[in-house]
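Heads up: the structure comes next, in structure tokens.
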Number of protein chains: 4
Amino acid sequence: MTDWSFIIGFMPKRVDHAARRQEILQAAVRVFARKGFASSRIEDVAAEAGIAKGSVYLSFDSRDALLQAAFESYAAGSAQLLASLEPGPALDRLATLVRRVVAMLAAHPDHARVLVDLWSAGPPLDMAAVYRDYREAIAGLLRQAREEGALRPGIDERHAVVIVAAIEGCLLQWLVDPELPLADLAAPIIEVCVEGVRS
Amino acid sequence: MTDWSFIIGFMPKRVDHAARRQEILQAAVRVFARKGFASSRIEDVAAEAGIAKGSVYLSFDSRDALLQAAFESYAAGSAQLLASLEPGPALDRLATLVRRVVAMLAAHPDHARVLVDLWSAGPPLDMAAVYRDYREAIAGLLRQAREEGALRPGIDERHAVVIVAAIEGCLLQWLVDPELPLADLAAPIIEVCVEGVRS
Amino acid sequence: MTDWSFIIGFMPKRVDHAARRQEILQAAVRVFARKGFASSRIEDVAAEAGIAKGSVYLSFDSRDALLQAAFESYAAGSAQLLASLEPGPALDRLATLVRRVVAMLAAHPDHARVLVDLWSAGPPLDMAAVYRDYREAIAGLLRQAREEGALRPGIDERHAVVIVAAIEGCLLQWLVDPELPLADLAAPIIEVCVEGVRS
Amino acid sequence: MTDWSFIIGFMPKRVDHAARRQEILQAAVRVFARKGFASSRIEDVAAEAGIAKGSVYLSFDSRDALLQAAFESYAAGSAQLLASLEPGPALDRLATLVRRVVAMLAAHPDHARVLVDLWSAGPPLDMAAVYRDYREAIAGLLRQAREEGALRPGIDERHAVVIVAAIEGCLLQWLVDPELPLADLAAPIIEVCVEGVRS
DNA sequence: AATGAATGAGCTTTCATTCAT
DNA sequence: CATGAATGAAAGCTCATTCAT
């Protein structure tokens with residue numbers, strides 16, 4: 001990587017402020033996952049990121065802003081996941097959604113572990129909105145399934161809560177007991193929640 | 001604040017140390033439910049219990065001991081609930097169990113709200129054991145159901161995780177979004193989780 | 001000092017919270033006088049008061065509250081001084097006022113030294129009001145002097161500013177140069193400011 | 001921000017290092033006047049000067065050096081003012097001096113406002129010397145006035161303190177209460193302090 | 001037993017100063 | 001020379017815990 005700056009003049013010392021912010025956020029997520037937000041010190045995050053304590057404040061306004069950013073990152077991932085469902089029979093799409101959510105959680109255990117702190121954190125974090133979106137997406141799939149005649153009678157939006165619950169409840173049990181094979185739970189979730197509503 | 005007890009005669013040191021401990025614990029649970037454990041000060045608990053800060057330490061060794069006690073209280077309630085199932089067809093017993101767990105959570109929202117702090121708290125709190133017990137109880141019911149021929153094939157212990165998940169996941173969504181009608185969710189949980197495994 | 005508390009029951013550990021507040025305030029004034037408010041740490045004040053850092057916060061909400069209290073103390077002393085003038089010929093009363101103000105400043109050099117920090121401090125400290133009161137008191141004396149025919153023509157409220165200025169300006173020079181014999185300046189102030197307006 | 005100077009040829013490193021120092025100093029004085037030295041950040045000064053934080057250090061060794069420079073600038077102005085008195089009757093020269101000092105303060109309110117920080121600042125700032133010079137100059141005028149027979153008896157160097165005090169005390173009251181019409185106070189100061197010593 | 005004043009470790013945040021670019 | 005990201009010492013404030021009364 002030749003440094004051409006002597007030709008084009010002065011360059012900002014850090015090309016990408018956003019990248020540094022990402023690095024710190026990821027370090028923070030690792031630290032939060034390891035010791036929980038309540039026990040995580042700014043200094044821990046800085047050390048994990050390999051920078052000095054004060055430097056964290058160049059990218060984040062406060063300790064709480066780190067958790068907020070972790071939330072936003074998670075919420076964005078969730079929204080993206082919900083938006084990425086390909087067309088097809090509704091219950092197949094539902095099964096795919098379940099598989100993907102579980103896979104995402106299992107693939108990013110650090111982010112998943114932070115969830116317990118996001119649940120604890122009050123406003124301005126809006127986890128309620130995240131689950132509302134989940135439920136609405138699944139309720140939409142259930143409506144589509146009914147139109148397809150794939151749903152047994154009596155299934156409505158309240159069952160969307162239960163399907164979200166099955167996923168998040170598995171996640172919860174894994175958070176509390178990491179022995180539990182989270183990745184293997186997609187199948188039984190689908191068997192219960194998808195087959196459990198099929199006509 | 002003057003203590004006239006030396007005039008009116010001997011009084012029992014403490015009518016019931018255990019009762020005082022209970023009062024404080026219940027006050028603590030209310031406070032934790034209201035502001036979360038992280039934001040709850042010993043002084044808040046003392047004020048809620050109507051006693052002085054230092055007096056909390058006559059019944060509890062530390063702030064963490066309060067959370068530990070809240071955990072033990074919750075774990076005891078859970079164990080009792082699991083132990084109280086009357087005989088009958090397995091899936092009926094399962095439905096009853098679901099109904100009772102949801103009813104208990106809905107009836108004691110303060111205790112339920114503390115759960116999010118219990119999930120966050122690491123050792124020596126052993127929430128893993130609580131859910132292990134839940135899963136084992138439900139797995140036992142599923143085994144009984146299989147012997148009764150009430151279970152469709154392919155249902156095993158992994159599905160016990162999902163059934164616990166459905167309950168705890170509903171609780172979770174309610175914690176995060178109190179608008180959600182927790183008490184009304186027993187029915188859909190049963191419809192999905194019990195009917196979803198029935199042969 | 002026999003401790004009778006065993007007879008009358010429990011007594012508050014500190015009989016007088018206000019007294020402790022006073023002790024801390026006086027310690028703070030000494031520290032502020034010595035190093036200036038900007039360079040005074042809460043820990044310095046605590047050490048001067050012979051207590052622990054955290055104990056300062058039992059009596060004062062913040063570091064700024066200490067300066068605020070110092071201001072209030074000074075303002076109260078000023079008001080009291082202005083209110084204590086005995087009857088008599090106006091210009092005699094004015095001379096007495098000057099003498100008393102200078103004597104008070106000279107007698108409490110620590111409080112006087114804090115004035116420079118009170119001048120610097122913005123709202124909510126209202127030093128403007130203190131000097132407004134000074135000026136009004138002196139303007140009142142000048143009006144009385146005019147009625148007595150003791151005043152040469154052309155003297156009005158603007159000269160009250162100058163009389164206050166002569167006092168505070170001497171104080172200022174002494175603050176900046178402690179060699180200056182503040183206590184000896186009452187006489188020349190009177191000679192210039194009182195005789196300078198006499199008819 | 002790219003530096004094209006390597007293309008358009010050599011440019012003087014800095015047209016005038018002293019000029020840049022001046023610009024920064026003036027920016028600093030404005031900032032100090034606005035928020036006080038204690039609340040003024042190096043970054044504020046840099047922003048006011050339109051340069052980067054680090055560039056301040058090319059002209060000044062430290063934050064304190066900025067205040068020191070402001071002091072030196074003020075002291076120089078004072079000395080110049082004292083040195084510029086034209087010949088004439090002593091008390092006329094004194095009145096002129098008062099008028100000029102007040103005019104200078106009123107004409108440069110930012111510099112005047114910094115005075116309160118100069119009073120607070122301890123060594124190595126030597127405000128004592130500034131007022132010593134003022135007093136000596138005025139004491140000289142008073143000596144000249146005595147030789148001219150214009151002084152009533154009993155007036156000596158201590159009255160020089162009072163005359164300086166009248167000026168600085170008016171300044172002080174204006175600093176604390178900007179409503180006060182500083183520029184209008186020259187006349188009453190002269191009436192009290194000059195006429196008050198005239199034979 | 002009950003109290004609450006006192007303690008001080010520990011944490012977040014700020015900002016003067018440095019220095020690689 | 002100019003820059004501004006990086007640093008880390010420093011300070012205000014909180015609060016769990018102790019203990020004299």
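We name chains A, B, ... by the order of the sequence lines, and we start the count at 1 in each one. Remember, predicted model here, so these are calculated numbers, not experimental data.
- Rounded to a whole Å, the CD1 atom of D/Ile51 is 11 Å from the C1' atom of F/dC1.
- Counting to the nearest Å, the P atom of E/dA9 and the CD atom of A/Glu43 are 17 Å from each other.
- To the nearest 0.5 Å, atom CZ of residue C/Arg113 and atom CZ of residue C/Arg30 are 14.5 Å apart.
- Looking only at side-chain heavy atoms (C-beta outward), B/Glu72 and B/Leu125 stay at 4.5 Å or farther from each other.
- Side-chain atoms of C/Ser40 come within 3.5 Å of backbone N or O of C/Gly36 as a donor-acceptor pair.
- For B/Lys35 and F/dC15, the NZ to P distance is 9 Å, given to the nearest whole Å.
- Geometric assessment of C/Arg63 against the ring of C/Tyr57 yields a negative cation-pi assignment under the 6.0 Å and 45° thresholds.
- Closest to the A/Ala52 side chain, of the nucleotides F/dA16, F/dT3, F/dT7, is F/dT7.
- Using a 4.5 Å heavy-atom cutoff, the side chains of B/Phe37 and B/Val116 are not in contact.
- Here A/Ser40 lies in heavy-atom contact (under 4.0 Å) with sugar-phosphate atoms only.
- You'll find a donor-acceptor pair under 3.5 Å spanning the side chain of C/Lys53 and the base of E/dG10, going by distance alone.
- What separates CG of C/Leu66 from P of F/dA11 is a distance of 16 Å, to the nearest Å.
- If you measure from atom OH of D/Tyr57 to atom P of E/dT17, you get 4 Å, rounded to the nearest angstrom.
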Discussion item. Let me check I have this right: for DNA chain E, each base becomes ., (, ), [, ] or |, based on Watson-Crick or G-U pairs with both distances under 3.5 Å. What is the full string?
Written reply: .||||||||||||||||||||

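- Distance CZ (B/Phe37) to C1' (F/dA16): 11 Å, rounded to an integer number of Å.
- Within 4.0 Å of C/Ile42, counting heavy atoms only, lie sugar-phosphate atoms of the nucleic acid but no base atom.
- Nearest-nucleotide positions on DNA chain E place C/Gly50 closer to the 5' end than the other of C/Gly50 and D/Asp61.
- Here B/Ser55 reaches the OP1 or OP2 of E/dT3: one of its side-chain N or O atoms lies under 4.0 Å away.
- Of the inter-residue distances, the one linking D/His111 atom NE2 with D/Leu118 atom CG reads 10.0 Å to the nearest 0.5 angstrom.
- Of the inter-residue distances, the one linking A/Leu67 atom CG with A/Phe60 atom CZ reads 11.0 Å to the nearest 0.5 angstrom.
- Between B/Arg41 and F/dA16 there is a side-chain polar atom (N or O) within less than 4.0 angstrom of OP1 or OP2.
- Within the 4.0 Å cut-off from OP1 or OP2 of F/dG4, not a single side-chain nitrogen or oxygen of A/His17 is found.
- Neither OP1 nor OP2 of F/dC1 sits under 4.0 Å from any side-chain N or O of D/Arg20.
- Taking atom CG of residue C/Asp44 and atom P of nucleotide F/dA11, one finds them 8 Å apart after rounding to whole Å.
- Rounding to whole angstrom units, CZ of residue C/Arg63 and C1' of F/dT14 are separated by 18 Å.
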